[in-house]
Amino acid sequence: MPELPEVETTRRGIEPHALHKVVDELIIRDHRLRWPVPEDLPARLKGATLREVDRRAKYLLLHFDQGTVIVHLGMSGSLRVITDDAPPQKHDHIDLVFTDGVRLRFNDPRRFGCWLWAEDATPHPLLANLGPEPLGEEFNGSYLFRRSRDRKTPVKSFLMDNRIVVGVGNIYANEALFKTGIHPNRPAGRISAARYHQLAEAVKETLAAAILAGGTTLRDFVNSDGKPGYFAQSLLVYGRRGQPCPTCQQPLREIRMNQRSTIYCTRCQR
DNA sequence: CGAACGACCTGCAGGC
DNA sequence: TGCCTGCAGGTCGTTC
């Protein structure tokens, strides 16, 4: 499930339960994630103190004095806080157990997620070529305009390119393009600075609102199914193929772009 | 370099 | 009930 709002909601949900705690043990029930979980990770973490719970793009970064655990939730991953002795369920692949008994439990049916280790001295290759954060100041209309010149790629693909900007997944790309009335297939290099300004603002607004909505369900991170409250009720076009456009009532159309479902209004988006 | 596409994996919805 | 197909919120690696 995770797009950036879910990852940030997860970060905020686990932080108060995990920060400053000492690792008792790391239990790996299944190493077979996107990349194998390092064999020596339990030994590295035993006795280590969690100094910071950070996020970069859709990666959660658990910083210890010795290095950083890089966690990605993939398509189906979740991380939740366990405070009782609930037994692990299907697809509960990893428990990070603290000395006070609280644990972070990683569930990931499709196993597209990862748990990797990085020594902090060298920037990890996964994080090395990422674009700016969408909610940061560096990401704005003039940045998008500048990076898009001479690019013929469809603007939706451009927006979902992690080297351009991180954290804009399929849902929010669809939403932001609808809000700004831009056709997802329009070549990125043929969009004006003014429209890119609107687009950047729409990306920020949509992500910020989704994070805010996720914040209301933070309590669900403890002893729950780990699924943050979804934002679906406020999505304007995603998952609404054939339904009337919120603006003009024209049925929303679905096309495939890069094998991803792309929903837009043929009348409002040009 | 950019762009397109396969690959990874399980679960689920829908058609027959 | 079952079987089959296609689809799902990500993104890396390969190929052209």
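Just so we're on the same page: letters track the sequence lines, and every chain starts at 1. All values below come from the heavy atoms of this structure, side chains included, with hydrogens, waters and symmetry mates left out. In this text, all values refer to a predicted model and were calculated from it rather than measured experimentally.
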Apply salt bridge (charged side-chain N to carboxylate O under 4.0 Å, His left out) to residues A:Glu119 and A:Arg44 and explain how you reach the verdict. CA-CA 11 Å; A:Glu119 309 268 330; A:Arg44 287 187 188 277; 3.2 Å; yes

Check: [Y] main-chain N/O paired with [X] side-chain donor or acceptor under 3.5 Å:
| X | Y | result |
| --- | --- | --- |
| A:Arg241 | A:Ile263 | no |
| A:Asp95 | A:Val97 | no |
| A:Arg29 | A:Lys90 | no |
| A:Arg147 | A:Val165 | no |
| A:Gln66 | A:Ala48 | no |

For [N], take OP1 and OP2 only and decide whether either is under 4.0 Å from a side-chain N or O of [X].
| X | N | result |
| --- | --- | --- |
| A:Lys90 | B:dT10 | no |
| A:His72 | C:dG10 | no |
| A:Tyr59 | C:dC12 | yes |

Can you tell me how far [atom2] of [N] sits from [atom1] of [X], to the nearest Å?
| X | N | atom1 | atom2 | result |
| --- | --- | --- | --- | --- |
| A:Phe106 | B:dT10 | CZ | P | 14 Å |
| A:Asp161 | B:dA4 | CG | P | 12 Å |
| A:Gln89 | B:dG11 | CD | C1' | 16 Å |
| A:Arg149 | B:dG2 | CZ | P | 15 Å |
| A:Asn107 | B:dG11 | CG | P | 10 Å |
| A:Asn129 | B:dG2 | CG | P | 11 Å |
| A:Ile70 | C:dG10 | CD1 | C1' | 16 Å |
| A:Asp108 | C:dT11 | CG | C1' | 13 Å |

Closest to the [X] side chain: [options]?
| X | options | value |
| --- | --- | --- |
| A:Lys58 | C:dC12, C:dT11, B:dC5 | C:dT11 |
| A:Asn162 | C:dA8, C:dG13, C:dT11 | C:dT11 |
| A:Arg256 | C:dC12, B:dC8, C:dA8 | C:dA8 |
| A:Ser261 | B:dC5, C:dA8, B:dT10 | C:dA8 |

Under 5.5 Å centre to centre and under 30° between planes: does that hold for A:Phe112 and the six-membered base ring of B:dC8?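 Answer is yes, a stack.
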
For A:Phe64, which of A:Thr49, A:Val22, A:Val23 qualifies under side-chain contact (heavy atoms from CB on, under 4.5 Å)?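 The single option meeting the side-chain contact (heavy atoms from CB on, under 4.5 Å) with A:Phe64 is A:Val23.
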
Tell me which residues in residues 150-159 of chain A put a heavy atom below 4.0 Å from DNA chain C, sorted by number, or none.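 Nucleic-acid contacts, sorted: none.
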
Base, sugar-phosphate or nothing for A:Arg34? Non-hydrogen atoms, less than 4.0 Å.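 Contact class for A:Arg34: base.
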
Determine the stems involving DNA chain C; a stem requires 3 or more consecutive pairs of the Watson-Crick or G-U wobble kind, each with both distances below 3.5 Å, and the answer is none if no such run exists.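 Stems for DNA chain C, defined as runs of 3 or more consecutive pairs: B:2-8 with C:10-16, B:10-16 with C:2-8.
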
Look at atom CG of A:Asp150 and say whether more than 12 heavy atoms of other residues, nucleotides or ligands are closer to it than 6.0 Å.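 Count not over threshold, so no.
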
What is the ring orientation for A:Phe106 with A:His93, classed by angle as parallel under 30°, tilted 30 to 60°, or perpendicular over 60°?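 Aromatic pair A:Phe106/A:His93 classed tilted.
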
In whole Å, what separates the P atom of B:dC9 from that of C:dC3?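 About 23 Å, rounded to a whole number of Å.
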
Test salt bridge (charged side-chain N to carboxylate O under 4.0 Å, His left out) applied to A:Arg11 and A:Glu8, step by step: CA-CA 5 Å; A:Arg11 192 197 69 74; A:Glu8 177 59 22; 3.2 Å; yes

Donor-acceptor pair present, A:Arg260 side chain and C:dA8 base, under 3.5 Å: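 Donor-acceptor pair under 3.5 Å: no.
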
Single hit among A:Glu175, A:Glu201, A:Lys179 for side chain to side chain donor-acceptor pair (under 3.5 Å) with A:Thr206: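 Between A:Thr206 and the candidates, side chain to side chain donor-acceptor pair (under 3.5 Å) is satisfied uniquely by A:Lys179.
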
With nearest nucleotides of DNA chain C determined for A:Arg110 and A:Leu126 from heavy-atom distances, which residue corresponds to the more 5′ nucleotide?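 Between the two, 5'-proximity favours A:Arg110.
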
DNA chain B: A:Arg111 or A:Gln259, which has the more 5' nearest nucleotide?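 Taking each residue's closest nucleotide, the earlier one in sequence belongs to A:Gln259.
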
